[in-house]
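This report refers to the structure that appears directly beneath it.
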Amino acid sequence: MSKLKELATRNEFLVLMTIIVLTIIISIINPAAFLTLANLFRILRSSIVIGIFAMGVLVVLISGGIDVSFPAIAVFALYATVSIMFNLGVQDALLAVFPEGTAYFLAFVVALILGALIGLVLGAVNAFFIAQFNLPTLIVTLGTLNAFRGFLLFFVGTLILREEIPQGMVELSRTNLLSISPPGQRTANLNISILILFAVTMLVWFILRYTMLGRGIYAIGGDREAAARAGFNIRRIQYFIYIFVGLLAGIGGIVFGSLARQANPFDIVGTELDVIAAVVLGGASISGGRGTVVGTLLGVLLITLVSSSLVIVGIPSEWQKVVVGVLILIGVAVPALQNRRTATPQAS
């Protein structure tokens, strides 16, 4: 009985129940538009990029920090990668050596690696100021958010790149892992980029659950001084965290550009609210030391469901931010009230 009570108070369970209730409500209001396999796959597709970003934010929040610069890193990595590959003629060089299909696949792999490396370098800038000078993570990442974005707009460019996008990236948006045609419904396509989210998720899960590095991330989020006394190298762990977030941001940027088939310097920036909301709703503590991969994925699904389904039930899109803001307040308030309730008997 106590285990059932404990399960019912876990964030993951509460988020899952919220998703189920919301699904039932939307299904009753507009079943024709919502209760289709195509709509389910559309929601999953919309969750891919947010999910990749959320895995990085999860690691940061568990460590007791916060990073709001990842959208700027993502769009910088995307735009710079497309520009470099176009100006160097990378895809044409691959087509001259390999068959078309292989060349396009390799072009996407090159874009993914290049974007990840650019993100890694930009993440290292955050890591340097945070780890070396022990500066507040929010202040540092707010500063680099504006610095990276300003550098992109001033030195790299402001034009929307469409024709310059490598065909290998475009082909990703056209390649489906599953394609199902239910009777009486339009064809439902699940994009293959969901495998990238799966790979990132498994990597983060493995690091947090089975490595000393993961234990160190939880430890410094729970009690930094105690973690240092336990022998964890705080500086090295912080370097890893922010470099890793930058790497994931670069990957997320390339996936976003592939699905959108363009590199727009004004895209992505501004999505940090939705991503942080998803991770907090999934049970990660703002103060650090707590958070799970499963909870984060549920939080991503909830935020995506809200963002993509409000229009279906007739609610104007302008209210999306209001709903997300309310969800953040609930996601922070519920764990705080639960902690206060459990702490009260001990105090008495």
Side-chain angles (χ1 to χ4, degrees), residues 45-54 56-57 66-91 107-127 129 138 140-173 191 193 196-197 200 242-243 245-276 304 307 317 320-321 324:
R45 178 184 174 118
S46 300
S47 302
I48 293 171
V49 175
I50 295 178
I52 294 172
F53 291 154
V57 172
I66 192 166
D67 188 339
V68 296
S69 68
F70 63 88
I73 293 176
V75 73
F76 190 106
L78 168 62
Y79 203 90
T81 296
V82 171
S83 299
I84 291 171
M85 292 187 67
F86 178 76
N87 291 324
L88 295 181
V90 173
Q91 184 167 270
F108 173 75
V109 172
V110 171
L112 199 64
I113 294 174
L114 185 56
L117 289 175
I118 293 172
L120 184 151
V121 171
L122 297 181
V125 175
N126 285 334
F129 286 106
L138 177 61
V140 170
T141 56
L142 272 174
T144 54
L145 165 68
N146 289 283
F148 296 154
R149 181 162 171 75
F151 190 90
L152 172 66
L153 297 179
F154 187 80
F155 292 102
V156 181
T158 58
L159 296 176
I160 299 177
L161 304 180
R162 292 190 179 93
E163 299 297 327
E164 296 85 353
I165 293 287
Q167 189 62 29
M169 292 176 62
V170 174
E171 289 300 317
L172 180 78
S173 67
N191 192 265
S193 57
I196 298 176
L197 173 58
V200 168
Y242 293 94
I243 288 175
V245 172
L247 184 144
L248 293 186
I251 292 173
I254 297 300
V255 174
F256 177 88
S258 300
L259 296 177
R261 304 183 193 181
Q262 67 176 26
N264 185 345
F266 301 99
D267 278 340
I268 303 177
V269 175
T271 60
E272 56 269 18
L273 175 64
D274 290 346
V275 176
I276 293 174
T304 307
S307 301
S317 58
Q320 290 181 7
K321 295 299 181 183
V324 171

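- Of the inter-residue distances, the one linking L259 atom CG with R45 atom CZ reads 4.5 Å to the nearest 0.5 angstrom.
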Could you walk me through whether L161 and F86 pass side-chain contact (heavy atoms from CB on, under 4.5 Å), step by step? CA-CA 10 Å; L161 304 180; F86 178 76; over 6 Å; no
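- Side-chain contact between I276 and V68 is present, with heavy atoms from C-beta onward closer than 4.5 Å.
- Annotation for G250 and A77: closest pair CA-CB, 3.8 Å, computed over non-hydrogen atoms.
- With a 4.5 Å cut-off on side-chain heavy atoms, T81 and I118 count as touching.
- Between R261 and S173, the shortest heavy-atom contact is NE-OG, 2.8 Å.
- Heavy-atom minimum distance, L197 versus I52: CD1-N, 3.6 Å.
- The CG atom of L172 sits 5.5 Å away from the CG atom of N191 when rounded to the nearest 0.5 Å.
- Of the possible donor and acceptor atoms, none in the side chain of E164 sits under 3.5 Å from a partner among the backbone N and O of V82.
- In this structure the side chain of N126 reaches within 4.5 angstrom of the side chain of S69, judged on heavy atoms.
- Scored by the side chain to side chain contact (heavy atoms under 4.5 Å, CB included) test, D267 finds F256, Q262, N264 as partners (sequence neighbours excluded).
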Apply side-chain contact (heavy atoms from CB on, under 4.5 Å) to M169 and L78, showing your working. CA-CA 11 Å; M169 292 176 62; L78 168 62; 3.9 Å; yes
Between I196 and I48, does the side-chain contact (heavy atoms from CB on, under 4.5 Å) criterion hold? Intermediate values first, please. CA-CA 8 Å; I196 298 176; I48 293 171; 5.7 Å; no
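- To the nearest 0.5 Å, the span separating CD1 on I73 from CG on D67 amounts to 6.0 Å.
- Heavy atoms only, all atoms of each residue included: A72 and F148 are closest at CB-CB, 4.2 Å.
- Of all heavy-atom pairs spanning M85 and A107, the tightest one is CE-O, 3.4 Å.
- Here OH of Y79 is found 9.0 Å from CG of L153. Values are rounded to the nearest 0.5 Å.
- We find the CD1-CD1 distance between I113 and I251 to be 10.0 Å, quoted to the nearest 0.5 Å.
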Intermediate values then yes/no, side-chain contact (heavy atoms from CB on, under 4.5 Å), L145 and T141: CA-CA 6 Å; L145 165 68; T141 56; over 6 Å; no
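- Looking at every heavy atom in both residues, F108 comes nearest to G168 through CB-O, 3.7 Å.
- Every residue meeting the side chain to side chain contact (heavy atoms under 4.5 Å, CB included) condition with V275, not counting sequence neighbours, appears here in chain and number order: I50, F53, A54, V57, F70.
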